[in-house]
Amino acid sequence: MRVPRLVVAAPASGQGKTTVAVGIMAALTRQGYAVAPAKAGPDYIDPGYHALATGRPGRNLDPWLTSPELVVPLLLHGFQSPAPADIAVVEGVMGLFDGQLGRAGFASTAHVATLTSSPVLLVVDISSASRTVAATVHGLRTFDPGVDVVGVVLNKAGSPRHAVEVRQAVEATGLPVLGVLPRDAGVTAPSRHLGLVPAAERQEAAAGLERLAEQTAARLDLDAILELARRAPDLPGVAWSPAAALHGAGEPSRLPQPSQAGPRPVVAVAGGRAFTFRYAETDELLRAAGCEPVVFDPATDASLPPGTSGLYLGGGFPEVHAAALCANTRLLGEVRDAIAAGLPTVAECAGLLYLSQALDDRPMVGAVPATAAMHPRLTLRYTVARLPVDGLLGPSGTEVNAHEFHHTATSPHAGPVAAWTVDGTAQGFALDPARTGQPTLHASYLHVHWAGNPALAGSFAEAVHTCAATPSAGTAPSAATAPTGAAAGATPSAHVESCDEARAGAAHPTYDLDHHGDAELRDAPELVDLAVNVRVSSPPTWLSDTIRGTTSRLAAYPDVAAARAAVARRHGVPEEMVLLTNGGAEAFTLLARAVEGRHPLVVHPQFTEPEAALRRAGREPDRLVLRAESGFSLDPALVDPRADLVLVGNPTNPTGVVHPRATLEALRTSGRVLVVDEAFADAIPGERESLMGPDLHGVLLLRSLTKTWGVAGLRAGYVVGDPDLVASMRDQQPAWPVSTPAAAVMTATSTPRALAEAARAAEEAGRHRTHLVRALEAAGLRPVPGEAPFVLLPVGPGVREALRAKGFAVRRGDTFPGLDAGWIRIAVRDPATSDAFVEALTHVVGRIGRGTSAAVRLPSPLPSGVVSSPAPSEVTA
């Protein structure tokens, strides 16, 4: 078949392949050409832009997910469907020769170009080089003689002189330069944690595409590109056919033939902004199997399509749109009830998250017994999967090639009956909620290309036809029987919670946010105090003398001007950036009352008073709960972009983690107030990673003098930050909020002498912490890596109580969102005290290990530096 075609490739990811490929597609389409788009590899975001540019389905050519033999038939199918095209443009993946690891470039762009005998157009980012670009191009052209590199597009040129220099060098190799895009062309798409933001999520995508088409037409030689595409040799073979793939593959006889007439059972297919991906061939196979795929939007539609007899939930970004999905309670309940009644359901990746009990602390459908959350580690791989049991997609032992790509995790990762096994490990969930005797719900992270595995589509379609013939088995109501009026707006099940209820704890563990370490000793003051983080039992002598010296002035109302000036000098900021407070607790209360933010977010686990103060002020914050297995590190990309008031600790109580300054700076965005609790900043030598400084627009830093100076009973703290925000907080204070003794402490501890003493204390605390950590590790325990004057440790439920019997009070962990009763926080004390504590802890742990306390279980062994996960019921990120 005659198929003019071109593959757009690059030396590496990030060079501009998508920009140029989509630009060519859009420009040619606007000139009247029918362009058949395709993407090498499994990526599902780029095909969305391809479809927007061409008006035709974006398709994937992946030798791994389908087979090398299917690549040409699928390209021919895309070229002919829905109507014959004039040219096919295939966007490559990664670098030209980058493919499956360990398989010599299998499934690379070069592999696809070779399989399809397609000429290759290179896109090269020249922003950081000039003549060296020619050497790179020459190497790519000659590396594999079977790959036909025919031209080059230069991207991100810094100036006309720069472009001329590179063009001359490249053309000296014998390759034509078919266009140059300047660095400031303004035609790129925004990115996030899994690559480009899908076109379906961007209202401005169509307008951006018009600009891209104009830039491409003006700066690239489209006539030359067309001529090179037309030189491609004819492709042998016949186009892939969904009907032939299904009915020629020995599918069950119950599957209707394409010629059969009659009603077609509806398969509800998730779409909209949260579900932007499925392979185009999925819908085509369902239609060939006698089904009718109907797209619905889980974020906005009130119900499933009428007569739904099957449900397909593909890929996308539900984590980005969790609030909208959560708010659509009627649909959540309808989907849950339909699945419970046996509706055949396939969920891949995003679908798994949607069907989970909760996603990032927001309730979802709840059909899958797991919670889901953002995870700091990206999972990206090709893999081989096997069906462990007879199920919705086929018989036990069915083996497929699959793809996995996500930045989230579920807890647990698999059910008692798994959807797949990968290298012998269970993954996903195969469930039979209606007790039909065979799973009717298949949910996992794996993406499978049904064109390469038509038997899966046939098996699912057979279940859909069976469901349609048995209306009670999970089908959605028809238009004639759908509820109307008040019933239509009612929540279909009583246990569907609103987002606010979930945030308040209705669907998740209830945390005592008002519990603090001093409560561990109220009924047992004789215990060794490792629960309170105050460093010393009383202030140093010179500071005690200062406090006593204020008694002669207590009859007068406090004058805190000198203290405010001292704190400002201590931090090198103007006085209008300083607010003195009655301890840190007052600062959080003022913050909750004075600082605006429609979408407050608290990063947990951390000191609970910030969230408690917000709740007392009638504000319901979202939670971002960091994961233990990542060392409770914070990835700014995980913070909801809607969050306009973000509260985070640094160093963080109770984890002891110090977030890098760059991480916190990344949270400073327009329209957002960032609040950092730096109560323990002076316990870190040099106050490393503090944001303190004169440039704090949109930032508030909260400090406490309690811990270092032993003055918890005096209540001395302050805020440094944006002067406008500080003024708003000051307006909420009563008259004379800071006492004369507290003001004197603030002045005295801001002197060079006091700061030098605090620095020595921080160094000493660091040495004592190291001693404690090493002793814990020698006992076989794994404390969370940190730097603060306390240590977070996973020990298992019951250990805290057993330690009390040994004479030690430690801070319980189950009042911190993200932790449970298996965690304790230990204050750093002198080595002798720490040694005595570790000895007692070792005795308790040893007794538990011998099984003398059935109520206590230790965390599973983990690699060095990694600690056990929070409770499965806690939604984490």
Side-chain angles (χ1 to χ4, degrees), residues 5-25 37-43 45-47 49-50 59-65 68 71-72 75 88-129 131-156 166-167 169-181 195-196 220 224-225 228-229 231-233 380 382 403:
R5 59 195 180 277
L6 195 71
V7 171
V8 180
S13 296
Q15 301 272 307
K17 288 190 306 292
T18 301
T19 298
V20 173
V22 174
I24 292 172
M25 294 174 189
K39 170 71 178 182
D43 177 66
I45 297 176
D46 293 345
Y49 286 92
H50 298 175
R59 299 183 183 274
N60 293 73
L61 303 177
D62 192 315
W64 169 258
L65 286 179
V71 169
V72 168
L75 177 60
V89 177
V90 181
E91 180 187 343
V93 59
M94 299 189 296
L96 176 57
F97 297 102
D98 301 328
Q100 192 173 8
L101 294 177
R103 296 197 61 185
F106 187 89
S108 65
T109 303
H111 188 197
V112 171
T114 302
L115 289 171
T116 59
S117 302
S118 298
V120 174
L121 176 66
L122 286 177
V123 179
V124 185
D125 180 346
I126 65 171
S127 59
S128 300
R131 287 179 55 79
T132 304
V133 172
T136 301
V137 168
H138 176 71
L140 291 170
R141 185 185 189 188
T142 59
F143 182 77
D144 183 349
V147 177
D148 185 19
V149 177
V150 296
V152 181
V153 170
L154 306 180
N155 190 28
K156 297 185 181 179
V166 180
R167 178 190 287 270
V170 170
E171 289 181 338
T173 70
L175 279 176
V177 173
L178 301 178
V180 179
L181 291 173
L196 296 181
L220 269 62
I225 289 172
L228 291 171
R231 294 179 189 174
L380 172 61
Y382 282 136
H403 177 243

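Just so you know, these numbers come straight off a predicted model, no measurement behind them. Because only heavy atoms are used, hydrogens play no part in the values below, and waters and symmetry mates are left out as well, while side chains stay in.
- If you run side-chain contact (heavy atoms from CB on, under 4.5 Å) between Thr109 and each of Thr114, Val120, Leu96, Val147, only Leu96 comes through.
- Val72 approaches Leu115 most closely through the heavy-atom pair CG2-O, 3.3 Å.
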As a quick check of understanding, evaluate side-chain contact (heavy atoms from CB on, under 4.5 Å) for Leu178 and Leu121, giving each step before the final call. CA-CA 9 Å; Leu178 301 178; Leu121 176 66; 3.6 Å; yes
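- The shortest heavy-atom contact between Gly41 and Asp62 is C-OD2, 3.2 Å.
- Expressed to the nearest 0.5 Å, how far CG of Asn60 lies from CG of Leu65 amounts to 8.0 Å.
- Within the structure, salt bridge (Lys or Arg N to Asp or Glu O under 4.0 Å) pairs that include any residue of residues 112-128 comprise Asp125-Lys156 (at least two apart or interchain).
- Taking all atoms of both residues into account, the shortest heavy-atom contact from Ala129 to Val166 is O-CG2, 4.2 Å.
- Pro37 is not listed as a side-chain neighbour of Tyr49, based on a closest heavy-atom distance of 4.5 Å or more.
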Do Leu220 and Val20 pass the side-chain contact (heavy atoms from CB on, under 4.5 Å) test, and can you show the C-alpha distance, the side-chain angles, and the key distance before you say yes or no? CA-CA 9 Å; Leu220 269 62; Val20 173; 4.1 Å; yes
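- Listed for the Arg231 side chain is no donor-acceptor partner under 3.5 Å among the backbone atoms of Pro119.
- Between Tyr382 and Trp64, the ring-plane angle classifies as tilted under the 30° and 60° cut-offs.
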Pair Leu380-His403, side-chain contact (heavy atoms from CB on, under 4.5 Å): steps then yes or no: CA-CA 8 Å; Leu380 172 61; His403 177 243; 3.6 Å; yes
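- Atom CG of residue Leu75 and atom CZ of residue Arg5 lie 7.0 Å apart, to the nearest 0.5 angstrom.
- Of the possible donor and acceptor atoms, none in the side chain of Lys17 sits under 3.5 Å from a partner among the backbone N and O of Val8.
- Residue Val93 comes nearest to Ala107 through the heavy atom pair CG1-O, 4.2 Å, listed as atom of the first residue, atom of the second, then distance.
- Minimum interatomic distance between Val112 and Pro63 (heavy atoms only, all atoms of both residues): CG2-CD, 3.9 Å.
- Sorted by first then second residue, the salt bridge (Lys or Arg N to Asp or Glu O under 4.0 Å) pairs that include residues 93-110, not counting sequence neighbours, number zero.
- The backbone N or O of Pro47 sits nowhere less than 3.5 Å from a side-chain atom of Arg59 that would complete a donor-acceptor pair.
- Side chain of Lys39 to backbone of Leu61: no donor-acceptor contact under 3.5 angstrom is found.
- Looking at Asp46, its side chain never comes within 3.5 Å of a backbone N or O of Thr18 through a donor-acceptor pair.
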Check the pair Val137, Leu122 against side-chain contact (heavy atoms from CB on, under 4.5 Å), reporting the backbone distance first and the verdict last. CA-CA 8 Å; Val137 168; Leu122 286 177; 4.2 Å; yes
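- Here the straight-line distance linking atom CD1 of Ile126 with atom CZ of Arg131 works out to 13.5 Å at 0.5 Å rounding.
- With hydrogens and angles ignored, the 3.5 Å screen pairs a side-chain donor or acceptor of Arg141 with a backbone N or O of Thr173.
- Contact record, Ala40 with Val90: N-CG1, 4.1 Å, taken as the closest heavy-atom pair.
- The ring pair (Phe, Tyr, Trp, His ring centres under 6.0 Å) check on Phe97 picks up Phe143, with sequence neighbours excluded.
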